[in-house]
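Down below is the structure, laid out as structure tokens.
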Amino acid sequence: MSTRTFRITVRGSFDGLTEEQRAALLADAARHDILKAEFTPEGHLTYDVARPSFTFRFLAEGEAEEDILDATAHAELAAETWLTEHGYGFKRIRSQAQDLTLAPLSKRQRQAAARGDS
């Protein structure tokens with residue numbers, strides 16, 4: 001059986017932040033800039049201090065197509081846990097997951113496959 005790679009995006013909004021929490025997010029904003037976004041197993045948080053929304057990006061693996069459901073649930077729980085542990089209120093959590101084994105190949109990938117490159 002082959003390993004499948006899943007990219008999971010968990011989005012939501014901060015809710016009821018105090019001035020101290022806003023200041024902490026502002027102080028740490030450079031580390032969580034959207035231009036530095038990446039998918040990681042532990043989840044990578046990005047946000048824009050001008051908006052109340054945030055995004056976590058997770059990278060997970062599974063062996064069956066159905067494993068994406070468990071991976072998505074785990075990603076949502078991990079995001080909620082991180083927010084709760086850091087004392088940040090949140091609302092409207094939603095997620096989107098993609099199985100990269102089912103993603104269409106890019107033009108360069110199709111060309112490489114046609115040439116027989118690995």
Original post:
Could you walk me through whether Lys36 and Asp33 pass the salt bridge (charged side-chain N to carboxylate O under 4.0 Å, His left out) check?
Top reply: CA-CA 6 Å; Lys36 298 178 182 176; Asp33 190 279; over 6 Å; no

Original post:
Would Phe39 and Phe58 count as a close aromatic pair, with their ring centres under 6.0 Å?
Top reply: no

**OP:** Output the distance between atom CZ (Phe6) and atom CG (Asp99), rounded to the nearest 0.5 Å.
**Re:** 5.0 Å

Subject >> Side chain to side chain, Arg7 and Leu59, heavy atoms closer than 4.5 Å >> reply: yes

Original post:
Can you find a heavy atom in the side chain of Phe14 that is under 4.5 Å from one in the side chain of Leu83?
Top reply: yes

Original post:
Is it the case that one hydrophobic cluster holds both Leu26 and Phe90, taking links as side-chain heavy atoms less than 4.5 Å apart, direct or via other members?
Top reply: yes

Subject >> Considering all heavy atoms, the nearest Tyr47-Leu25 contact >> reply: OH-O, 2.7 Å

**OP:** With rounding to the nearest 0.5 Å, note down the distance linking CZ in Arg51 to OG in Ser13.
**Re:** 11.5 Å

Subject >> Gap separating the CG atom of Leu77 from the OG1 atom of Thr72, nearest 0.5 angstrom >> reply: 12.5 Å

Original post:
Within a strict 4.5 Å, meaning less than it, do heavy atoms of the Thr9 and Thr55 side chains meet?
Top reply: yes

Original post:
Is it the case that Arg57 and Thr46 place a side-chain donor and acceptor less than 3.5 Å from each other?
Top reply: yes

Original post:
Are a donor atom and an acceptor atom from the side chains of Ser95 and Glu76 found within less than 3.5 Å of each other?
Top reply: yes

Subject >> Straight-line distance of Leu100 CG to Glu61 CD, nearest 0.5 Å >> reply: 10.0 Å

Subject >> Non-hydrogen atoms of Glu65 and Arg4 that approach each other most closely >> reply: N-NE, 3.5 Å

Original post:
Under 3.5 Å, is there a donor-acceptor pair between the side chain of Tyr88 and the main chain of Trp82?
Top reply: no

Subject >> For Gln21 against Gly16, the heavy-atom pair lying closest together >> reply: OE1-O, 4.0 Å

Subject >> Asp28 side chain vs Ala24 backbone, donor-acceptor pair below 3.5 Å >> reply: no

Original post:
Are Asp70 and His74 close enough that a side-chain donor and a side-chain acceptor fall under 3.5 Å?
Top reply: no

Subject >> Gap separating the CZ atom of Arg22 from the CG atom of Leu17, nearest 0.5 angstrom >> reply: 5.0 Å

Original post:
Got a sec: does the CZ of Arg94 have more than 12 other heavy atoms crowding it under 6.0 Å?
Top reply: yes

Original post:
Are side-chain heavy atoms of Phe56 and His44 found at a separation under 4.5 Å?
Top reply: no

**OP:** Kindly give the heavy-atom pair with the smallest separation between Ile93 and Val10, and that separation in Å.
**Re:** CG2-CG1, 3.9 Å

Original post:
Within a strict 4.5 Å, meaning less than it, do heavy atoms of the Phe54 and Asp48 side chains meet?
Top reply: no

